[in-house]
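This is a predicted model, so every value here is computed, not measured. Start at 1 and go down the list; that is how both ligands and their atoms are numbered. Counting begins at 1 with the first residue of the sequence.
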Amino acid sequence: MPAARTGSRVSAKSQKVKGDSKSLKRKRDQEDLQKLQNDVDEFDPKPENTSKFSTLPISKPTASGLEASHFQNLTDVQARAIPLGLKGRDILGAAKTGSGKTLAFLVPVLEKLYRAQWTEYDGLGALIISPTRELAVQIFEVLRKIGRYHTFSAGLVIGGKSLREEAERLGRMNILVCTPGRMLQHLDQTAGFDVDNLQILVLDEADRIMDMGFQSAVDGLVEHLPKSRQTMLFSATQSKKVSDLARLSLKEPEYVAVHEAAAAATPTTLTQHYLVTPLADKMETLYGFIKANLKSKMIVFLSSGKQVRFVYESFRHLQPGIPLLHLHGRQKQVARLEITSRFSAAKNSCLFATDVVARGVDFPAVDWVVQMDCPEDTDTYIHRVGRTARYERNGKAVLFLDPSEEQGMLKRLEQRKVPIYKVNVREKKKLSIQNSIQDMCFKNPDLKYLGQKAFVSYTRSIHLQKDKEIFNLKKLDLDAYAASLGLPGTPQIKFQKGEDIKKLKNAPRAGLSSDSESEFEEDKKKRKKGEVRTKYDRMFERTNQDVLTSHYNKLIGDEGQAANDDDDDDQDFLSVKRVLRGDDLDGETSDGPAPGTKIIEGLGGEEPFVVDSKRREKMLKSKKKMLKFKGKGDKVVFDDEGVAHHPYKIQGEEDFIQDGSAEAQRQKFVESEAVKVKEADIDDKQLAKDKRREKKEKRKAREAMGSEDAMDGMPRLSGADDGEDPLALLASLPMPGEDSGSEAEEERRPKKKAKKWFQDDSDDERQKVKSKKGKGKVIEVAEAPNTLEDYEALAAGLLED
Ligand code: ADP
Ligand code: MG
């Protein structure tokens with residue numbers, strides 16, 4: 001019980017009282033709590049009161065947890081936000097990356113529940129939302145560290161496990177760290193999980209959580225939560241958007257912006273550079289960079305998972321001499337956790353990653369942040385570079401820009417107070433790897449396939465970028481870029497929207513679709529004069545078609561649609577198209593019908609249907625597609641002989657005039673039909689709603705039955721039950737042991753992982769850990785696999801490396 005932990009503070013007065021020791025203790029606890037509450041109410045957040053954690057009005061368990069984790073002095077944002085948080089205020093917190101925002105909300109969370117004497121029977125008291133799984137795991141780790149002397153149960157809800165497994169444990173959790181989508185799923189579907197008691201809601205990286213991507217999940221989630229609660233929002237790029245505040249129903253929030261007046265939006269310990277390197281040289285520039293920094297720990301940010309995979313795979317074959325890792329959202333959960341912990345522990349390593357780790361993640365001691373692909377906006381830039389130079393440490397960052405991106409991006413960075421300086425790549429340091437990559441692609445079709453996908457996803461991402469002052473696909477040399485990825489030709493890309501369609505279709509077909517000599521010649525002309533041509537160059541050109549066909553068949557189905565492997569997202573705007581023939585250009589035939597063309601008239605539409613291609617022939621089979629050639633249909637009436645007439649033809653002229661003008665009749669008819677349609681619509685909607693509700697009720701009933709069964713057989717929240725499922729993504733905070741909870745907690749961490757989130761963890765703590773073994777209580781997030789499924793997932797993850 002939480003209250004039991006306060007027993008250590010004994011006042012002189014209570015010592016004198018004799019009687020039943022239990023009720024005495026309870027009384028003392030109540031008194032302590034009251035005193036703590038008074039301290040909080042009266043606390044004056046002057047600088048001298050807020051420089052050390054020991055001077056804050058916080059409970060003993062929190063104070064001890066902070067001390068054991070070696071936190072003594074508060075950072076600026078902590079000094080400003082914690083006192084307000086303790087007093088129950090809603091907070092909008094903005095402070096630079098790496099400035100300690102996590103503790104700024106975790107301390108108030110623990111204290112709020114502590115002062116409310118929260119127990120496992122009170123249900124969910126605090127909810128902390130993170131935009132990514134990686135960040136959620138990390139917040140959870142910090143919570144476990146500083147909350148080790150509390151008795152709350154805490155869990156992670158981030159997906160990657162079956163909903164049911166997570167659901168079983170949810171009901172007993174006091175604090176949950178979650179990602180929005182997964183949490184909403186539980187709130188909607190998990191029977192018996194109620195959040196009506198929630199005291200405090202935290203959004204870390206709040207601006208990200210409030211933006212488009214998570215909009216519906218967050219709105220759905222907030223709908224479930226009680227309105228009377230404390231809410232705290234934190235980010236390095238916090239916005240004060242009124243609409244967001246309304247969506248979360250914040251009450252007179254305090255705006256805590258510690259670095260608002262700072263000269264730079266990024267940490268002062270961070271050195272930032274950019275270099276201009278044409279898209280086609282990026283691979284070589286990056287390779288040269290890595291080779292020149294083999295003794296560092298670096299993160300290389302790329303724009304998509306496919307980019308990450310291709311660069312990782314090709315560099316792995318080149319063996320630069322530094323451990324390479326890669327991370328993106330499509331990896332299995334086990335692999336993602338494994339990779340983040342490996343990178344955390346690594347001394348020298350290069351991690352290729354997408355923006356899944358751009359925000360919040362606190363990898364220790366990162367030397368370099370390299371942005372190989374330009375970030376979509378300055379916020380993303382600030383968060384990416386924020387993975388280094390954290391908490392008073394130094395760090396360096398470098399941004400690669402194509403010449404076409406330079407001006408636009410610099411302007412944006414300047415507007416946001418980002419101090420960045422230009423550097424040049426030393427010619428000596430440039431390493432030519434294009435031939436090696438071509439060679440690898442030639443020998444390894446899988447790699448080439450990855451390269452093609454990387455190409456498409458990169459061009460697509462540029463096409464989709466909102467900031468057109470920076471990103472301009474037309475200015476990029478795509479042929480040279482394709483060659484730099486080792487591709488034998490430039491994959492043809494097709495825009496489904498935008499003005500470029502025509503231009504692309506009319507452009508000479510290069511690479512893929514080139515099968516005639518003349519096109520080959522054109523291709524050749526484009527290459528730089530005097531360039532040394534290898535045997536492979538020629539082979540690529542010669543075998544172009546054959547090499548690519550099988551993979552492109554995989555990529556495109558009959559209709560030219562991307563096959564549904566793992567890249568469904570490629571279909572939206574750009575897709576690889578095999579050959580563009582004239583018949584794809586509807587309506588561009590100018591010299592009358594070609595031989596073999598069929599013309600079908602009398603379908604009812606305004607124009608006849610011309611069958612001049614296979615595609616059009618196919619259309620004949622589709623009723624839906626043919627609709628537009630069939631016209632709207634006429635109303636007819638049959639006379640006594642069974643001949644059809646338009647109604648007005650058989651109606652006497654007088655009758656017709658009596659009914660009103662043609663236009664009025666039309667109007668009347670349209671109105672009466674509209675009413676019918678409206679009625680039918682209401683019925684349909686009701687029907688659909690009923691069906692949905694019925695389905696949901698059935699599911700909930702099923703779930704309820706299931707979870708009752710599960711609950712019956714479930715052990716209580718203590719030792720034994722937590723040992724049974726090491727991979728569970730739910731874990732509970734330890735119950736404090738008789739002597740030292742910290743040791744008990746530490747020793748349960750997997751020994752194989754030297755996971756070190758804190759730079760200043762002293763050795764003696766680890767020493768103590770070693771000396772005490774056994775008695776595992778807490779589920780570790782990424783421990784040894786348990787089930788066959790887990791092994792498979794792990795194996796897949798390891799294989800991916
Ligand atoms: P932010 O969320 O602002 O980016 P974090 O909360 O992740 O920053 O903290 C950044 C780093 O600073 C972490 O490694 C954390 O352990 C460390 N840190 C935070 N607060 C303190 C403190 N008061 N004293 C020492 N180190 C701290
Ligand atoms: Mg953070």
Practice problem: Would you mind reporting whether Q307 and V300 have side-chain heavy atoms less than 4.5 Å apart? | Solution: no

Hey, what do you get for [atom1] ([X]) to [atom2] ([Y]), rounding to the nearest 0.5 Å?
X: W368; Y: H273; atom1: CH2; atom2: NE2; result: 6.0 Å
X: Y312; Y: F352; atom1: OH; atom2: CZ; result: 9.0 Å
X: C374; Y: I470; atom1: SG; atom2: CD1; result: 5.5 Å
X: M372; Y: F301; atom1: CE; atom2: CZ; result: 14.0 Å

Quiz item: By number and element, which atoms of ligand 1 are closer than 4.0 Å to a non-hydrogen atom of T97?
Solution: 4 (O)

Quiz prompt | Atoms of ligand 1, numbered as shown, that sit under 4.0 Å from any heavy atom of T102 | solution = 2 (O), 5 (P), 6 (O), 7 (O)

Quiz prompt | Side chain E254, main chain R89, donor-acceptor under 3.5 Å | solution = no

Exercise. Answer yes when K35 and D32 have at least one side-chain N-carboxylate O distance shorter than 4.0 Å, and no when they do not.
Key: no

Quiz prompt | 4.0 Å heavy-atom contact, S99 with ligand 1 | solution = yes

Practice problem: Looking only at distances, please establish whether an N/O atom of ligand 1 is found under 3.5 Å from an N/O atom of F71. | Solution: no

Quiz item: So is Y391 polar-close to ligand 1, meaning N/O to N/O under 3.5 Å?
Solution: yes

What do we get for [X] next to ligand 1 when only non-hydrogen atoms under 4.0 Å count, side chain, backbone, both or neither?
X: K96; result: backbone
X: V142; result: neither
X: F53; result: side chain
X: K101; result: both

With [atom] as the reference point, say which of [options] has the nearest heavy atom.
atom: atom 9 (O) of ligand 1; options: A104, G100, A79; value: G100
atom: atom 22 (C) of ligand 1; options: D204, N73, D76, I139; value: N73
atom: atom 15 (C) of ligand 1; options: D362, V77, L106; value: D362

Quiz item: ring-ring contact (aromatic ring centres under 6.0 Å, His included) with F400: which residues, sequence neighbours excluded?
Solution: none

